[in-house]
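For the single chain, residues carry numbers from 1 onward in sequence order. Just so you know, these numbers come straight off a predicted model, no measurement behind them. Reckoned from all heavy atoms, side chains included, excluding hydrogens, waters and symmetry mates.
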Amino acid sequence: MKVEEILAMLIRFPSVVGKPNDAIVDWISTYGQAAGAKATVLPGPEGDRANLFITAGPHNVPGYILSGHMDVVPAGEAGWKTDPFQLRQDGKRLCGRGTTDMKGFLACALAALPKLAASNLQRPVHLAFSYDEEAGCRGVPHLLAALPDLCAKPLGAIIGEPSRMQAVRAHKGKAAARLEVVGHSGHSSRPDLGLNAVHAMANVIAQAVVYGRSLEQGPFDDSFEPPYSSLQFGVVSGGQAVNIIPDRCTADIEVRAISGVSPRLLLKEVKEQLFALRERGYEVVWHELSAYPALSLPRDAKLATLLVELTGKETLPAVSYGTEAGLYQQAGIEAIICGPGDISRAHRPNEYIEIDELNACQKMIEDLGARLAA
């Protein structure tokens with residue numbers, strides 16, 4: 001199948017983050033086996049979704065991983081010209097949810113797979129396709145835990161997030177959490193008889209915002225924009241009516257950490273502020289939503305040099321968005337970002353990828369295979 005045909009098939013699966021993904025996993029697995037590769041389905045603990053690992057070549061010698069995620073963000077926003085889960089061609093553009101982020105890369109890897117499987121590969125190429133990346137890289141840790149039973153330790157991992165086919169060596173880490181405060185409701189005319197959860201949460205948020213501003217004073221890494229770690233609240237919810245003392249309030253917070261800074265440790269002070277409310281009679285809960293480390297690959301790393309040779313482009317120092325690459329590096333596997341498309345097109349109506357970008361990515365993968373063949 002041509003890369004455009006494969007992409008059309010992948011787009012038809014509404015593999016929205018947090019939902020069952022057996023349909024897309026089954027199709028890719030069947031395709032991979034028909035291409036002559038070994039496909040292993042790795043069910044996640046949720047019970048209704050799975051990671052997928054496909055190997056072309058010998059599994060017992062070190063090779064390279066092509067990493068991507070099968071899930072996409074929802075497509076309910078206004079502005080779509082046609083069904084977002086049907087691929088639509090508009091000149092050189094192919095439009096649909098996930099074309100850039102990141103089923104375009106999956107399609108390129110799958111289009112190259114028959115050629116890879118038919119080659120006399122001395123080192124393997126693995127396709128590692130995960131679930132729930134869009135929820136904070138929740139699926140790939142289970143895949144990484146299974147990796148020692150699937151293959152020899154890889155030489156490196158290429159994470160195919162959209163980078164306009166220019167390899168990227170670093171991204172920030174991230175941690176996100178939901179804060180929950182429970183007080184006591186009552187009539188607003190008697191605030192002395194209740195515990196206002198919204199007021200309590202507002203105090204935590206105010207202190208956290210001050211703490212967040214202190215992060216702007218460093219440490220710094222000029223590879224990033226901005227060059228410091230950051231904090232923000234993105235969602236706050238609480239209360240029923242203006243004349244009812246709100247007994248419950250939740251707030252979602254995230255931090256973005258430069259290389260060398262632990263995202264979880266950045267949240268430690270906020271967590272302490274939340275738990276201090278217990279002394280005032282409130283119940284509190286801290287729910288970690290996601291966490292992944294930063295990526296930092298030296299410019300002279302062998303994997304960076306390889307990608308320069310494969311793409312013909314110098315590497316970029318860093319990007320602002322996060323990926324699964326940091327988790328691969330944390331697991332002891334060199335990782336780098338390189339894929340078709342542009343992140344500015346992702347998560348938007350009429351998301352698209354260009355045919356030339358797909359062709360360039362497929363060629364990069366096939367050229368990698370040629371290097372690994374006898």
Problem set entry | Y321 and H171: CA distance, side-chain angles, deciding distance, ring-ring contact (aromatic ring centres under 6.0 Å, His included) verdict | CA-CA 6 Å; Y321 59 85; H171 67 66; 7.6 Å; no
For this session: Step by step, work out the side chain to side chain contact (heavy atoms under 4.5 Å, CB included) result for I54 and Q33.
Result: CA-CA 8 Å; I54 299 174; Q33 293 179 77; over 6 Å; no
For this session: Determine, stepwise, if the pair N203 / R280 fulfils side chain to side chain contact (heavy atoms under 4.5 Å, CB included).
Result: CA-CA 13 Å; N203 185 54; R280 295 164 51 191; 3.9 Å; yes
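Counting heavy atoms of neighbouring residues, nucleotides and ligands inside a 6.0 Å radius, atom CZ of R178 does not exceed 12 of them. More than 12 heavy atoms of other residues, nucleotides or ligands sit less than 6.0 Å from atom NE2 of H142. Taking a 6.0 Å sphere around CZ of R213, one finds it holds 12 or fewer heavy atoms contributed by other residues, nucleotides or ligands. Under a cut-off of 6.0 angstrom, the local environment of CZ in R348 is sparse, with at most 12 non-hydrogen atoms contributed by other residues, nucleotides or ligands.
Two residues are said to be in side-chain contact when any heavy atoms from C-beta on lie closer than 4.5 Å; F85 and V72 meet this criterion. No side-chain heavy atom of F129 sits under 4.5 Å from any side-chain heavy atom of N51. Under the 4.5 Å side-chain criterion, counting only non-hydrogen atoms from C-beta, V308 is not in contact with K313. In this structure, C95 and L87 have side chains that are not in contact, with every pair of non-hydrogen atoms separated by 4.5 Å or more. Within the 4.5 Å cutoff, no side-chain heavy atoms of V319 are placed close to those of E225. A 4.5 Å side-chain heavy-atom check between L7 and E4 finds every atom pair outside the cut-off. For the pair M364 and T311, the minimum side-chain heavy-atom distance is below 4.5 Å. Inter-residue side-chain proximity for H347 and E134 is flagged as met; some heavy-atom pair is nearer than 4.5 Å.
For E46 and Y131, the side-chain atoms include at least one donor-acceptor pair closer than 3.5 Å. A donor-acceptor contact under 3.5 angstrom links the side chains of H287 and E180, judged on distance only.
The two atoms that bring V25 and A50 nearest to each other are CG2-O, 3.8 Å, heavy atoms only. The minimum heavy-atom distance between I205 and A251, with the atom names listed, is CD1-CB, 4.3 Å.
One hydrophobic cluster, built from ILVMFWY side chains closer than 4.5 Å, cannot hold both V3 and L66; they sit in different ones. Under the 4.5 Å side-chain contact rule for hydrophobic residues, V140 and L52 do not share a cluster.
The structure places NZ of K302 at 12.5 Å from CG of L297, a figure rounded to the nearest 0.5 Å.
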